[in-house]
**Student:** 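Quick one: this structure, given as structure tokens, is what I'll be asking you about.
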Amino acid sequence: MPALLRRLRQRLTARDHGLLVLRRAGRTAIVMPGTFALCDQVIGNPEMALFAAFGSFAMLMLVGFGGPMRQRMQAQASLAVVSSLFVCLGTLASRAAWLACLAMAVLGFGVLLAGAVSSVLAGASTSLLLSFILPVSLPGTASDVPDRLAGWGLAAVVGLFAIRLLWPEPAADPLRGKAVGACRALAARLRSEDEASSPDHQQIVRNAHRALDELQRQFLTTPYRPTGLSASDRAVVRLVDELNWARRVIVHSLPIPDDSPNLAARRARIAAANVLGHGADLLAAPRTSPDALHTAAAELRAALFALERDAADVLPPLSGRGPGNGTGASTVSTDETNETDEASEPADRQVTEVIDALEPSFRAHELAFVVGAIGDNIDAAARAERRTWLQRLLGRQATGLPGTLSAAQERVSAHVDPHSVWLHNSVRGAVGLALAVLVANLTDVQHAFWVVVGALSVLRSNALSTGQNALRAVLGTLAGFAIGALLLLPIGSDTTPLWFLLPVTILVAGVAPAVISFAAGQAAFTLELVILFNILQPTGWRVGLVRIEDVAIGCGVSLVVGLLFWPRGAGAALNTALSQAYTASSRYLAAAVEFGLRRPGSRPASTAVEAKRQAVRAASAARRMDDAFRQYLTERGAKTTPLAEFAMLIGGVIGLRLAADTVLDLWERDGDQAFGEGSAARPTQLPHAQLRHTLLRRTWQVTDWYDDFARSLDGERPVPRSLDQDADADRALVRALREDLRDKHGIASATAVRVIWTGDHLSALRRNQPTLVQPVLATGLAHGERAPD
């Protein structure tokens with residue numbers, strides 16, 4: 001026996017981190033029998049007792065909010081109010097079968113779709129649905145509302161005290177803690193970049209990679225988005241992508257020697273490290289003063305302006321014959337080939353010199369942009385948490401932050417798309433629950449709500465998973481019925497032993513799904529119901545037999561719905577979501593470059609509007625991709641494609657979007673006179689037709705490739721071959737710069753620097769293509785064949 005208990009304890013601690021499931025099950029095992037006994041034995045109201053029992057189960061077992069205790073209590077109180085309203089609505093809708101079916105469909109769809117807004121709503125969806133399923137499945141009238149509401153309300157109030165007093169979970173935010181560690185690790189790496197040969201630097205690099213990997217793992221292994229709807233939580237989520245992008249920029253950067261002319265790049269890197277360090281401190285203690293972060297952010301902005309102001313100074317003179325008048329009115333075609341072989345070698349060398357000269361400042365600019373965004377997000381999170389209780393109660397957001405309602409609208413609108421996995425699951429769940437209510441009413445089963453609960457418990461994102469869960473549910477119910485029958489044979493009609501068995505079965509029913517299996521949880525839940533209903537109305541083993549019949553009906557309904565509505569599940573939907581995300585992000589990049597190649601002050605309003613519109617579309621597509629990936633992670637069954645391959649493809653979308661963000665930000669400051677002294681010496685110039693055509697041609701090459709790659713993920717065409725480096729395009733770009741954007745001494749303008757940096761972003765995206773093609777070809781993720789070499 002001690003060995004068995006030891007193994008059970010090891011299994012429990014391995015599968016229930018922090019013993020969160022055991023805490024919930026233990027609280028329910030205390031509260032549920034207590035409220036049930038009060039209503040049944042003391043008050044003598046069986047219907048009130050039934051709703052008190054299931055209310056305790058819904059409020060304590062099926063939901064577990066995270067965060068500080070105050071936030072948990074607020075979320076729990078909100079759940080109590082909304083679920084009580086659902087009890088009333090469900091009772092009123094139960095009077096007619098058609099009304100019950102329609103109400104179940106509408107409310108089920110709304111609750112499930114609202115889960116896309118935040119983890120708070122997603123985690124409470126089962127409890128909310130149960131608060132409506134129970135009353136709508138038990139025919140009643142308006143006169144039954146007070147008893148039902150009293151039972152549910154009693155469970156909700158007692159549940160609030162239980163969460164606060166009975167073995168409360170420690171306040172923890174694992175994602176925030178990992179983000180703090182990642183910020184500090186990246187800051188340490190940036191400060192040690194110029195000591196790359198030292199052993200300490202190598203250890204710092206390993207520590208940074210480990211911290212970022214842990215942050216990514218924490219984010220990806222959470223089925224629902226591991227934050228709430230608050231502005232603070234939304235800001236923390238954005239840090240995950242931005243910190244991973246910052247790591248990638250740092251990895252591709254080279255140490256800057258002391259004698260390098262790129263001292264502005266070195267200063268920008270140190271300023272970025274300071275922002276990350278002070279940002280980590282503020283993120284860990286958001287109620288402290290933000291002055292240190294604000295000062296570091298101001299220094300980073302100054303370093304960014306210095307980069308853009310001084311970058312042209314490190315360029316070699318753009319020698320060569322220009323148009324002759326120094327105005328930049330070039331008429332040279334990019335396809336000219338009349339240069340001699342002797343001239344082509346110096347041209348190639350000049351291309352290399354120009355690009356290499358700006359590489360450190362380009363990487364520093366890229367890093368400064370993403371770290372600036374990281375600092376802004378941390379500041380936003382801290383400002384949101386420093387609001388007063390009254391401001392939180394009234395829903396007022398900190399200055400400059402989007403309101404809660406606008407954030408919810410933005411997230412829901414992203415899923416109003418025919419390819420959204422969350423929309424598929426919401427429709428599938430609503431139809432399944434409504435059909436279960438209809439079937440239960442038409443067949444006149446004894447306990448209709450078991451049919452609906454059975455349908456809810458097994459309905460998954462594809463027909464195979466639904467079928468597997470239906471089989472497990474029926475087998476588990478059979479096992480629970482068998483155990484219950486064996487227990488009731490010697491007990492007979494004596495309910496006293498059942499009162500002692502009820503808390504034990506509740507505890508086991510709460511722990512078994514997480515620690516043992518889904519079928520074991522169904523068996524324990526069946527045994528719990530057999531005991532509960534035999535206390536209310538002793539009928540022996542027949543209660544279990546009825547439950548088997550009802551659960552089988554509910555499972556059958558779920559299987560039919562799963563076969564009819566998107567039976568392929570999240571695996572196929574993830575391909576589609578990836579395809580849409582790549583397409584939307586590539587269009588955003590094209591719009592950002594098009595915006596940049598217009599004269600400041602005279603850019604058509606439509607150009608800026610289009611760039612912002614494409615940015616919103618790209619963000620929505622990326623959100624749907626993220627949710628599809630999470631759904632794929634939670635599906636049962638073997639994964640035919642390694643998760644690392646999908647993570648690499650998702651990283652490609654993130655890189656494409658952030659590159660577009662950086663390009664748009666770069667050109668939005670074109671002509672900004674905040675560069676300090678000397679900025680007037682390099683007035684902003686418009687890229688002439690030759691240069692504009694050259695850069696747009698390179699942009700179209702890259703975006704067309706990503707569009708083709710997106711279509712290959714959706715099976716519309718073969719996987720495209722990665723683009724080779726286009727030396728002719730590089731020479732054409734430098735030639736255009738030499739002829740369009742230089743003064744009479746051959747010194748490049750500030751716009752020339754922006755052009756080269758934009759080209760560097762395009763080159764980085766081109767170099768990333770093999771890392772995207774390889775996993776697709778290796779795993780057969782796309783349905784098309786490989787493009788010919």
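The first residue of the sequence shown is numbered 1, and numbering continues consecutively from there.
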**Student:** For the pair Asp708 and Arg711, find out whether any cationic side-chain nitrogen is under 4.0 Å from an anionic carboxylate oxygen.
**Tutor:** yes
**Student:** Please report the closest heavy-atom contact between Leu307 and Ser361, naming both atoms and the distance.
**Tutor:** CD2-CB, 3.8 Å
**Student:** Side chains of Leu765 and Leu589, heavy atoms from C-beta outward: is any pair under 4.5 Å?
**Tutor:** yes
**Student:** When you measure from the side chain of Thr699 to the backbone N and O of Leu695, does any donor-acceptor pair fall under 3.5 Å?
**Tutor:** yes
**Student:** Atom CD of Gln216 and atom NZ of Lys178: how far apart are they, to the nearest 0.5 Å?
**Tutor:** 13.0 Å
**Student:** Tell me the closest heavy-atom pair linking His278 and Ala296, and the distance in Å.
**Tutor:** CD2-CB, 3.9 Å
**Student:** Salt bridge check, Glu610 against Arg613: does any charged N sit closer than 4.0 Å to a carboxylate O?
**Tutor:**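 Yes, Arg613 and Glu610 are salt-bridged.
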**Student:** Taking atom CG of Leu666 and atom CG of Asp661, what is their separation to the nearest 0.5 Å?
**Tutor:**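 The CG atom of Leu666 sits 12.5 Å away from the CG atom of Asp661.
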**Student:** On a heavy-atom basis, which atom in Leu772 and which in Gly652 lie closest, and how many Å separate them?
**Tutor:**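 Smallest heavy-atom distance, with atoms named: CD2-CA, 3.9 Å.
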**Student:** Any chance you could lay out the side chain to side chain contact (heavy atoms under 4.5 Å, CB included) test for Asp213 and Arg210, step after step, and finish with the verdict?
**Tutor:** CA-CA 5 Å; Asp213 291 341; Arg210 186 182 305 113; 5.6 Å; no
**Student:** May I have the step-by-step check of side chain to side chain contact (heavy atoms under 4.5 Å, CB included) for Arg189 and Val251, ending in yes or no?
**Tutor:** CA-CA 10 Å; Arg189 176 168 182 177; Val251 166; 4.0 Å; yes
**Student:** Just checking, is any N or O donor in the side chain of Arg766 or Gln769 under 3.5 Å from an acceptor N or O on the other one?
**Tutor:** no
**Student:** Checking Leu762 against Val663 for the side chain to side chain contact (heavy atoms under 4.5 Å, CB included) test, could you report, in this order, the C-alpha distance in whole Å, the side-chain angles of both residues, the deciding distance, and whether it holds?
**Tutor:** CA-CA 10 Å; Leu762 298 174; Val663 169; over 6 Å; no
**Student:** With a 3.5 Å distance limit and no angle check, can you tell me whether Asn244 reaches the backbone of Val240 through a side-chain donor-acceptor pair?
**Tutor:**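 Such a contact is found between Asn244 side chain and Val240 backbone.
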**Student:** Using ring pair (Phe, Tyr, Trp, His ring centres under 6.0 Å) as the criterion, list what pairs up with Phe709, not counting sequence neighbours.
**Tutor:** Tyr582, Trp705
**Student:** Evaluate the side-chain proximity of Ile650 to Leu578: yes if any heavy-atom separation is below 4.5 Å, no if none is.
**Tutor:** yes
**Student:** How many angstroms lie between CG in Asp281 and SG in Cys183, if you round to the nearest 0.5 Å?
**Tutor:** 10.0 Å
**Student:** Where do Trp667 and Val755 land on the side chain to side chain contact (heavy atoms under 4.5 Å, CB included) test, with the steps shown first?
**Tutor:** CA-CA 9 Å; Trp667 287 100; Val755 168; 4.0 Å; yes
**Student:** I need the Arg206 CZ to Gln203 CD distance, nearest 0.5 Å.
**Tutor:**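 Going from CZ on Arg206 over to CD on Gln203, the span is 4.5 Å.
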**Student:** Val593 and side chain to side chain contact (heavy atoms under 4.5 Å, CB included): which single residue from Val702, Leu696, Thr703 fits?
**Tutor:**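 Among the candidates, only Leu696 passes.
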**Student:** Can you find a pair of side-chain heavy atoms, one from Phe362 and one from His761, that are under 4.5 Å apart?
**Tutor:** yes
**Student:** Rounded to the nearest 0.5 Å, what's the gap from CD on Glu242 to CG on Asn377? Could you check?
**Tutor:**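 Atom-to-atom, Glu242:CD and Asn377:CG are 4.5 Å apart.
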**Student:** Any side-chain heavy atom of Leu215 sitting closer than 4.5 Å to one from Leu175?
**Tutor:**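 A side-chain contact exists here, since the closest heavy-atom pair is under 4.5 Å.
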**Student:** Please report the closest heavy-atom contact between Pro360 and Ala265, naming both atoms and the distance.
**Tutor:**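 Residues Pro360 and Ala265, closest heavy atoms: O-CB, 3.8 Å.
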**Student:** Just how far is it from atom CD1 of Ile250 to atom CG of Leu212, taken to the nearest 0.5 Å?
**Tutor:** 8.5 Å
**Student:** Between the side chains of Ser763 and Arg698, is a donor N or O closer than 3.5 angstrom to an acceptor N or O?
**Tutor:**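 The criterion, which ignores hydrogens and geometry beyond distance, is satisfied for Arg698 and Ser763.
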**Student:** If every non-hydrogen atom of Leu293 is compared with every non-hydrogen atom of Gly375, which pair is closest and at what distance?
**Tutor:** CD2-O, 3.8 Å
**Student:** Taking all non-hydrogen atoms of both residues into account, name the closest pair between Ser586 and Leu656 and its distance.
**Tutor:** N-CD2, 3.6 Å
**Student:** Using a 3.5 Å distance criterion without hydrogens, assess whether the side chain of Tyr706 forms a donor-acceptor pair with backbone atoms of Ser585.
**Tutor:**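 Pair absent, no side-chain N/O of Tyr706 close to backbone of Ser585.
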**Student:** What I'd like to find out is whether the side chain of Leu664 reaches to under 4.5 Å of the side chain of Tyr588, using heavy atoms alone.
**Tutor:** yes
